[in-house]
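Only a predicted model underlies this, so the values are computations on that prediction, with no experimental measurement involved.
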2 protein chains.
Amino acid sequence: MTGTRAARAAETESALKEAAKRVFARTGYLRAKITDITAEADRAAGSFYSHFDGKESLLEALLADMLARGDERVEEAGHSPDFSDPAAVRWHVEAYWRFVRENRPVIIALHQAAMVDEHFARRLREILAPNLHDMVDHLEYIRAQGTRLPGDPLVVASALVSLIGQFTYTWLVGGGEELGRELGEREAVDTLTAFIVHGIAGGGPAE
Amino acid sequence: MTGTRAARAAETESALKEAAKRVFARTGYLRAKITDITAEADRAAGSFYSHFDGKESLLEALLADMLARGDERVEEAGHSPDFSDPAAVRWHVEAYWRFVRENRPVIIALHQAAMVDEHFARRLREILAPNLHDMVDHLEYIRAQGTRLPGDPLVVASALVSLIGQFTYTWLVGGGEELGRELGEREAVDTLTAFIVHGIAGGGPAE
DNA sequence: TGTACATCAGTGAACGCGCGTTCACTGATGTAC
DNA sequence: TGTACATCAGTGAACGCGCGTTCACTGATGTAC
């Protein structure tokens, strides 16, 4: 029966990826040793190199998986460009919050890799760029409708991305234990949405 | 003449610290080798250990310097607790922006060290905590005045810290080249201030 | 003021640890005839 | 269907590179008398 070998290899590869995610979530990407990952996956050290060239190539594979799942999602969900509508803002905030929660280990790894490796710094920017430009479009849309923005659309968009990105990271990755409480999705999304809706449109209509 | 020896040692120690800052700004903290620092300072490798126990102890010394300078600053500058006044918000935004700009290498190093070393993760939180609690106080103040906040003061304060911290990091440390433009202090502070003032107070007075 | 000795900052070659990576080997699966 | 051989996934001990850290040494500064 052919295919057993390939199946065994695929199983090991996936075991290594799952193990890597657990190790990244526990120890972080930068501190994770190859042998930590193979041990967690119950394989010998050498096994790793039948599947990946190194830790970077493993992370690249995890990114590909994550983005593939993310893309399916985007297909299904259309969203309103009208940022004066709180529901449109909420859609973005919620999508990002869930994305980070569901991909915590890979997000952690990518952030850490980006600090040390120019390749992953670029990769991180590439991944965030569409989101940023989407925001710029939305902001230009409401400006055309007569809303006075707090600044240049690109600068305001980068403020939105900074806010949503770092807030989410703080509570979901940092865990928020250092802030002495937990924060549920509902409250997080509500607060960010209200803050952003008023923040970008609070200047009222331009005269 | 006594004191020459001590002076020489002090000069080397400070040369190592200055060199470290240049290396951290160029290569980052995590990638910086001890010998990169000693070479940059024009000293022999072994010299390093007459002054510091290792890279961590060097960073701790740089943090102490930074915080000492920061504390002088806080002494002189009183600030208004009334966050419905844009000037009060602006004061915070501007202070943080300048702090990061003036301490870029140490900020970079601290962020990177915090990713890998629990000690520096705690240190980073400790350094940001007073700022966070100051924000909480200001938010509770305006809420007592009748402003309806977008959420719980602690959560909103963490949003403010996230926004200001990440926005500043993006433009001053990332350099913003990836966003295709430069951003001056004036525009940065104006935009953040307007965004925040409306974001926290845009809900109007509570009924 | 001079001499003899002690101390100390700085040097840089050498050592050794940690960990990524290799590679000869095993046992199982697949192929040829 | 059976036998002989080839291929391949996985193993884990061993190798070796990079870099932090040490340490015997140098020359200058400080101290004692």
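- Using the Watson-Crick or G-U wobble rule with both distances under 3.5 Å, dG12(D) pairs with dC23(C).
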Are there any protein N/O atoms within less than 3.5 Å of an N/O atom in nucleotides 17-21 of chain C, and if so, which ones and at what distance?
{"unit_1": "dG20(C)", "atom_1": "OP2", "unit_2": "Ile34(A)", "atom_2": "N", "d": "3.3"}
{"unit_1": "dT21(C)", "atom_1": "OP2", "unit_2": "Tyr49(A)", "atom_2": "OH", "d": "2.8"}

Every protein N/O within reach of nucleotides 1-8 of chain C N/O, cut-off under 3.5 Å:
{"unit_1": "dT7(C)", "atom_1": "O2", "unit_2": "Arg5(B)", "atom_2": "NH1", "d": "3.4"}
{"unit_1": "dT7(C)", "atom_1": "O2", "unit_2": "Arg5(B)", "atom_2": "NH2", "d": "2.2"}
{"unit_1": "dC8(C)", "atom_1": "O4'", "unit_2": "Arg5(B)", "atom_2": "NH1", "d": "2.9"}

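- In terms of heavy atoms, Ala114(A) sits closest to Leu124(A) at CB-CD2, 4.0 Å.
- Considering all non-hydrogen atoms of both residues, Met115(B) and Gln112(A) come closest at O-NE2, 3.3 Å.
- Of the nucleotides present, dA4(D) is the one that pairs with dT31(C) by Watson-Crick or G-U wobble criteria, both distances under 3.5 Å.
- Remark: the backbone N or O of Asp65(A) is not paired with any side-chain donor or acceptor of Lys17(A) at under 3.5 angstrom.
- The backbone N or O of Leu149(A) lies less than 3.5 Å from no partner atom in the side chain of Arg143(A), so there is not a single donor-acceptor pair.
- The distance from atom CG of Leu192(B) to atom OG1 of Thr168(B), rounded to the nearest 0.5 Å, is 6.0 Å.
- Applying the 4.0 Å criterion to OP1 and OP2 of dA9(D), one finds that His51(A) has every side-chain N and O outside that range.
- Looking at Asn103(A), its side chain does come within 3.5 Å of a backbone N or O of Phe99(A) through a donor-acceptor pair.
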- Could you please spell out the steps behind the side-chain contact (heavy atoms from CB on, under 4.5 Å) verdict for Leu62(A) and Tyr29(A)? CA-CA 12 Å; Leu62(A) 292 177; Tyr29(A) 173 80; over 6 Å; no
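- Using cut-offs of 30° and 60° for the angle between ring planes, the Phe83(B) and His92(B) rings count as perpendicular.
- Crowding of Glu118(A) atom CD: a count of heavy atoms from other residues, nucleotides or ligands under 6.0 Å exceeding 12.
- Nearest to the side-chain atoms of Thr4(A) among the listed nucleotides dG10(D), dG12(C), dT29(C) stands dT29(C).
- Close to dG12(D), at under 4.0 Å from its OP1 or OP2, lies no side-chain N or O of Ser47(A).
- Going from atom CZ of Phe24(B) over to atom CG of Leu110(B) covers 11.0 Å, rounded to the nearest 0.5 Å.
- Taking every heavy atom of residues 10-28 of chain A and every atom of DNA chain C, no pair lies under 4.0 Å.
- Glu13(B) places no side-chain N or O within donor-acceptor distance of the main-chain N or O of His51(B), the cut-off being under 3.5 Å.
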